[in-house]
Protein chains: 2
Amino acid sequence: MATIYEVAKLAGVSPATVSRVFNGVAVSDEKSAAVRDAAKQLRFTPNRTARTLRKQESEVIALVIPDIENPYFTELARGVEDVAQKAGYSVVLCNTDSQLDKEATYLQIAISEHMAGVILAAASDQTDLDDIRAAGRPVVAVDRGTGYDIDGVVMANRTAGQAATEHLVQAGYRRIACITGPEHIETAAERAQGWRSVMTRQLPEVDVDELLRYSTFRVDGGRESMEALLALPEPPDAVVAANNLLGVGAIQVLTEHGLTPPKLGVAVVGSLPFTTLSPSAVTVVKLPARHMGVTAAKMLLERISGDDQQARTVVLRGEVQPARPAGEAPGSTTSK
Amino acid sequence: MATIYEVAKLAGVSPATVSRVFNGVAVSDEKSAAVRDAAKQLRFTPNRTARTLRKQESEVIALVIPDIENPYFTELARGVEDVAQKAGYSVVLCNTDSQLDKEATYLQIAISEHMAGVILAAASDQTDLDDIRAAGRPVVAVDRGTGYDIDGVVMANRTAGQAATEHLVQAGYRRIACITGPEHIETAAERAQGWRSVMTRQLPEVDVDELLRYSTFRVDGGRESMEALLALPEPPDAVVAANNLLGVGAIQVLTEHGLTPPKLGVAVVGSLPFTTLSPSAVTVVKLPARHMGVTAAKMLLERISGDDQQARTVVLRGEVQPARPAGEAPGSTTSK
DNA sequence: GTGAAAGCGCTAACAC
DNA sequence: GTGTTAGCGCTTTCAC
């Protein structure tokens, strides 16, 4: 690898001038041309490591997420990547598997590599941001809060849970169950709250507690919970899945039991990008994951360039995509 | 951020000794303890940037892939990440959207950040690896070859295409179409070849050319191609989708047309992790994407630690998961 | 086993 | 507008 010194020598200028050319600082046209020529000849690429060491900041941002195999997070990642790339940043994708120790390791690396900032979907509310905050690196929270007073962008989870449930109620379903994620994850709790609020208000006669299942936010969690619900003495006639993966698991089990939606009503909070279902069979509350990534990345970039206003939280709304064309009378055969 | 100088001062030793402690070089027990103490007090984290600059190598590997939203590649990424992490490496995920310029940029960054190596699913066979090879960084190809004589791990694509097609033939289908990816992508071409070889051998009376569609390796590509096939004067009675996303798109369209498999036979090369279909409706040739990632990462790690034997290529086989339990007579109602 | 000192490649004062 | 030079934080000879 050629260095700035070799380029300088070949171009007949000082190393500083070479640096200036590559950093857009004013340099006479002739020298600038000479430098570019020499650089091309030597296949010179600036050494980012040295640059980072000197400037104490790199053009890399970290995106720390709990599950890279969840399409929701890859969609988010796309959003982040698109705006980061336009601004000349690359993004390191860090997968924590919801484990605090993995998360902590990645946060240390972010400090230690002088990364410009991090976008974090926290593994839990226990996440320790003291060090990275102390290092002065901006952090923006996505999807979930952190217990710190920092920028964030989240979904309107309660509203999404309500919307999903309401559509099922309007479709004529009564015993509407809810499968959600781990109780300590804020998105899981909030979406379940949305479900509960609609149930107690609109269907007070239904015993809500036995119809609520906490699980993992994964396909197998949806499967297990759905099986358990079907095994109930009085099984539900519909179910709200609190995220995309739980929805997939639940629908898989229903299909295997011959209960393909809408035989048993299903509403899912989160998009189902790779589903092969008839689009009219399931109510989906689409969550703007990509937009969340875009917004978070923009906020982070602002912080990186020195903005130090008060911490902001942006709330994004899901968009309901109902199971049936409006006006059609639904559910009459499925309600008991 | 504390430096080794501050730690050294507090511990009453030289900076060199601090460095040794953190690099597992022999240091007396007392001094070692003093250093660790001081480091803890100062919340010292070694500065990786300085380390990288000095050692001319970082503990980061790049994983360059065409589509981060494809579950096939995220599964691959998981495999890479798991072995990398155990070896103390972090992995930077780089998404190229199959664009050569984005890919080239990431490759330059890999050089410029002194990354230890790269795992690459090339955007096309035009990919230029001259610079990165010249920089002495090992590159392992995954999923697709590169035109360079380097390590690689690929799927048995032709075999997979054959297996998918054969299962459809055995199920009694005759006019079996094939939807594959861009012609210039080796996996797309090879899987289609597998399909073609079975067709010409076993069903020579079928006109194969009008049943083959080149498309993008994405859901919408599968949708468009399936629509076009259904609009044919003599539509197919079955279809082979050459990757997971094409399969999803094709099945979506079939579902919308009331032709849910197995009414029209479907075989997919690649797993369908988020499908909600009955598992017996579609033949799937499962591709070991995670294993591919694991294998590639191990090969890369070997190269990084100085192994310079001849370039190797590992071929991984898919595993057929047939649409129907063996012994059941299929397809009699669907064949013309 | 330990310390002193050079240097990885770059940027940013500072002089001119 | 341009060159000289110090120094970012670390590792690694080289003495001792």
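In the text below, chain A, chain B and the rest are named by the order of the sequence lines, each starting its count at 1.
Of all nucleotides listed (C:dG3, C:dA12, D:dT11), C:dA12 comes nearest to the side chain of A:A16. When distances are taken from the side chain of B:T17 to each of C:dT11, C:dT2, C:dA6, the shortest belongs to C:dT2. When distances are taken from the side chain of B:F44 to each of C:dT11, C:dC8, D:dC10, the shortest belongs to D:dC10. Taking only side-chain atoms of B:T3, from C-beta outward, the nucleotide of D:dC8, D:dC10, D:dT11 with the closest atom is D:dC10.
Atom CZ of A:R48 is separated from atom C1' of C:dC10 by 14 Å (rounded to the nearest Å). Rounded to an integer number of Å, the gap from A:I4 CD1 to D:dT5 P is 16 Å. In this structure, CD of A:E6 is placed 11 Å from P of C:dC8, rounded to the nearest angstrom. Protein atom CD1 of B:I111 is 14 Å distant from nucleotide atom P of C:dC10, rounded to whole Å. One atom, CZ of A:R51, and another, P of C:dG9, lie 16 Å apart when rounded to the nearest Å. Rounded to a whole Å, the CG atom of A:L53 is 9 Å from the C1' atom of C:dC8. To the nearest angstrom, C1' of C:dG9 lies 15 Å from CG of A:L42. One can place CZ of B:R54 at 6 Å from P of D:dT12, the figure rounded to the nearest angstrom.
With B:S19 contributing its side chain and B:P15 its backbone, the two residues share no donor-acceptor pair below 3.5 Å. A donor-acceptor pair under 3.5 Å is formed between the side chain of A:D128 and the backbone N or O of A:D130. At distances below 3.5 Å, not a single donor-acceptor pair connects side-chain atoms of B:S32 with backbone N or O atoms of B:S28. Without hydrogens or angle criteria, A:D125 side chain to A:T146 main chain gives no donor-acceptor distance under 3.5 Å.
Looking at B:R78 and B:D82, a side-chain N of the basic residue comes within less than 4.0 Å of a carboxylate O on the acidic one, giving a salt bridge. Comment: A:E75 does not engage A:R290 in a salt bridge, judged by the lack of any side-chain N to carboxylate O separation of less than 4.0 angstrom.
Note on A:Q56: a side-chain N or O is less than 4.0 Å away from OP1 or OP2 of D:dG9. For A:S14, a side-chain nitrogen or oxygen approaches OP1 or OP2 of D:dG3 to under 4.0 Å.
Counting atom types as modelled, B:Y5 pairs no side-chain N or O with a base atom of D:dC8 as donor and acceptor under 3.5 Å.
A heavy-atom distance below 4.0 Å to DNA chain D is reached by these residues of residues 18-34 of chain B, ordered by number: B:S19, B:R20, B:N23.
When side chains are defined from C-beta on, B:R137 does not count as touching B:M115, because their heavy atoms never get closer than 4.5 Å.
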